[in-house]
Amino acid sequence: MFRIQTLNKIAEKGLDIFPDDAYEVGGEITEPDALLVRSADLNSASIPDSVKAIARAGAGYNNIPVSLCSERGIVVFNTPGANANAVKELTISALLISSRNIIGGISWASTLSDQPEEVNNRVEKGKSQFEGPEIRGKTLGIVGLGAIGVMVANDAVALGMEVIGYDPYISVEAAWNLSRQVIRADTLESLLSKSDYVSLHLPLTEATKGILNAEKLHLMKKNARLINFARGGLVDENELLAVLYQRNLSAYVSDFPSAALLNCPNAICLPHLGASTPEAEENCAVMAAQQLKHFLESGSIANSVNFPKCRLDRSAPFRLLVVNRNIPNMVGQITTILAGSGINITDLVNHHRDRYAYNIIDTEQRVPLVTCEQLKAVNGIIRVRVIE
Ligand SMILES: NC(=O)c1ccc[n+]([C@@H]2O[C@H](COP(=O)([O-])OP(=O)(O)OC[C@H]3O[C@@H](n4cnc5c(N)ncnc54)[C@H](O)[C@@H]3O)[C@@H](O)[C@H]2O)c1
């Protein structure tokens, strides 16, 4: 029986992943094998020794003390891409909102009810002030072609836009999923200078903070529109406000309001709604639960933020899982101890990431407790687990 402690309300569809006959799941579970969280802050919480994994149903993970978990051999999972469709849909609507003055038009129309007989007349007379261009045939530049960027790019192609993308670190998977009609920009500068619309879909890191600075903003076409559903800090806000007030950019649509942006007439701010859909919440819960289940039952790791991706097709009845520091001669010592205990290895995989490594070892015989203790005593081995 595996024991999962939930520290937040987790969507039912996610919890359904754990069959009742093999899992105990709930908020009050003691000595849990794994924790399932959304926003619960574990940074100053005491995490029991029984915990082998923590899954965060969401993309960010700054509520989890990742370095501390790595030191203790606790695998931390997140759910990248699970909310990508939600963000993509809002980005597509932002393209239209930035173009067609939908918000200005709606606000103005809502003022017309004071003269009921005149509504039609006033609509026809006043509507021209809200005219805006169509997006079909225009160029959309996408910065960051990950889970969200690729979806936006493909849907924009389907809407008849010319799409160019910039991502110097694009993953093989993203490249496979990207429409062949998307043109690669070799530099951010060339993308900015060619695009009528620019949409940001890259992470905020030390390297990308303020990536759209004064110089880059001035490369953008006059009257271009900038869409930001990634993070506010990617854009230098003071410089952005200057170009918006000078009307060098037609519109900025952002999911990250600030007081200054809220006062700027051509900035349109949403209250961080990108991933706020019931579907995204469910997708995150399902993905987090599936990752935990695979890890607990087979030792496989996918989408961990602190350990390498690792899986091995089952080749024997027993499986040994070892977490160790990434230092020389660890595999040698593990296999020597197993051989000394008369354990035959049928298959083995060892992957490392930064300072840590993870081993999945299939064995014909069950590794006895005494051998596990021997392994744990090796300098550099952090955690040992046996599953059947
Ligand atoms: N508004 C919201 O509610 C919301 C929700 C989810 C995600 N987000 C934001 O959207 C971002 C993208 O999410 P995702 O799921 O697509 O992430 P992802 O990790 O799948 O994709 C990010 C992409 O950005 C690329 N990249 C990194 N540095 C770059 C650079 N300097 N120039 C160009 N590309 C660069 C990476 O190679 C990667 O392909 C997240 O980092 C997050 O900040 C916002």
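Both ligands and their constituent atoms are indexed starting at 1 by order of listing.
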Q: Could you check atom 37 (O) of ligand 1 against the protein and tell me its nearest heavy-atom contact, residue, atom and distance included?
A: Asp167 OD1, 2.8 Å

Q: Considering only protein heavy atoms, which is closest to atom 5 (C) of ligand 1, and at what distance to one decimal place?
A: Val87 CG2, 3.4 Å

Q: May I ask you to list the atoms of ligand 1 that are less than 4.0 angstrom from any heavy atom of Asn83?
A: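 In order of number, 6 (C).
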
Q: Would you check whether Thr208 reaches within less than 4.0 Å of ligand 1, judged by its heavy atoms?
A: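 True for this residue.
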
Q: Which residue and non-hydrogen atom of the protein lie closest to atom 1 (N) of ligand 1, and at what distance in Å?
A: Asp255 OD2, 2.9 Å

Q: For ligand 1, which atoms have a heavy atom of Gly274 less than 4.0 angstrom away?
A: 1 (N), 2 (C), 3 (O)

Q: Any nitrogen or oxygen of Phe229, main chain or side chain, under 3.5 Å from a nitrogen or oxygen of ligand 1?
A: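 There is such a contact, yes.
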
Q: I want to know whether Phe256 and His272 have ring centres closer than 6.0 Å.
A: yes

Q: Which residue and non-hydrogen atom of the protein lie closest to atom 30 (C) of ligand 1, and at what distance in Å?
A: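 For atom 30 (C) of ligand 1, the nearest protein heavy atom comes out as Leu202 CD1, 3.6 Å.
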
Q: Cut-off 3.5 Å, side chains only: do Tyr358 and Asn350 have a donor facing an acceptor?
A: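 The criterion, which ignores hydrogens and geometry beyond distance, is not satisfied for Asn350 and Tyr358.
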
Q: Hey, could you give me each pair passing salt bridge (charged side-chain N to carboxylate O under 4.0 Å, His left out) that has a residue in residues 138-156? Not counting sequence neighbours.
A: Lys88-Asp155

Q: Below 3.5 Å, N or O to N or O, backbone or side chain included: is there any such pair between Leu204 and ligand 1?
A: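 No - when backbone and side-chain N and O of Leu204 are compared with those of ligand 1, no distance drops under 3.5 Å.
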
Q: Looking only at protein heavy atoms, identify the closest one to atom 24 (O) of ligand 1 and say how far it is in Å.
A: Pro203 CD, 3.4 Å

Q: Between the side chains of Tyr23 and Glu297, is a donor N or O closer than 3.5 angstrom to an acceptor N or O?
A: yes

Q: Between the side chains of Asn63 and Asn43, is a donor N or O closer than 3.5 angstrom to an acceptor N or O?
A: no

Q: Could you tell me whether the side chain of Met287 reaches within less than 4.5 Å of the side chain of Asn303, counting heavy atoms only?
A: yes

Q: By number and element, which atoms of ligand 1 are closer than 4.0 Å to a non-hydrogen atom of His272?
A: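 Reading through ligand 1 atom by atom, the close ones are 1 (N), 2 (C), 3 (O).
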
Q: Out of the candidates Thr91, Val143, Asp167, only one should pair with His201 under the side chain to side chain contact (heavy atoms under 4.5 Å, CB included) rule; please name it.
A: Thr91

Q: Got the closest protein heavy atom to atom 12 (C) of ligand 1, with its distance?
A: His201 O, 3.5 Å

Q: Does NZ or CZ of Arg385 come closer than 6.0 Å to the centre of the six-membered ring of Phe295, within 45° of the ring's axis?
A: yes

Q: Could you check whether atom 34 (N) of ligand 1 has a protein contact, counting only heavy atoms that fall below 4.0 angstrom?
A: yes

Q: Would you please name every residue forming a side chain to side chain donor-acceptor pair (under 3.5 Å) with Thr187, sequence neighbours left out?
A: Ser190

Q: Rounded to the nearest 0.5 Å, how far apart are OH of Tyr197 and CD1 of Ile227?
A: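 It comes to 8.0 Å.
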
Q: So which protein heavy atom does atom 16 (O) of ligand 1 come closest to, and at what separation?
A: Ile148 N, 2.8 Å

Q: Just which atoms of ligand 1 are under 4.0 Å from any heavy atom in Tyr169?
A: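 The atoms of ligand 1 under 4.0 Å from a heavy atom of Tyr169 are 27 (C), 28 (N), 29 (C), 37 (O).
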
Q: Heavy-atom contact check, 4.0 Å cutoff: does Ala230 meet ligand 1?
A: yes

Q: Give the atoms of ligand 1, by number and element, whose distance to some non-hydrogen atom of Leu145 is under 4.0 Å.
A: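 In order of number, 39 (O).
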
Q: Students should be able to answer this: which protein heavy-atom is nearest to atom 21 (O) of ligand 1, and at what distance?
A: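 Nearest neighbour among protein heavy atoms for atom 21 (O) of ligand 1, to 0.1 Å: Gly146 CA, 3.1 Å.
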
Q: Under 4.0 Å, counting heavy atoms only: does Pro168 come that close to any atom of ligand 1?
A: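 A heavy atom of Pro168 does come that close to ligand 1.
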
Q: State, to 0.1 Å, how close Leu273 and Asp255 come at their nearest heavy-atom pair, and which atoms those are.
A: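 Closest pair (atom of Leu273, atom of Asp255, distance): N-OD1, 2.7 Å.
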
Q: Does Pro80 reach ligand 1, in the sense of a heavy atom lying below 4.0 Å from it?
A: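 No heavy atom of Pro80 comes that close to ligand 1.
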
Q: State the CZ-CG distance between Arg353 and Asn326, to the nearest 0.5 angstrom.
A: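 With rounding to 0.5 Å, CZ (Arg353) is 12.5 Å from CG (Asn326).
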
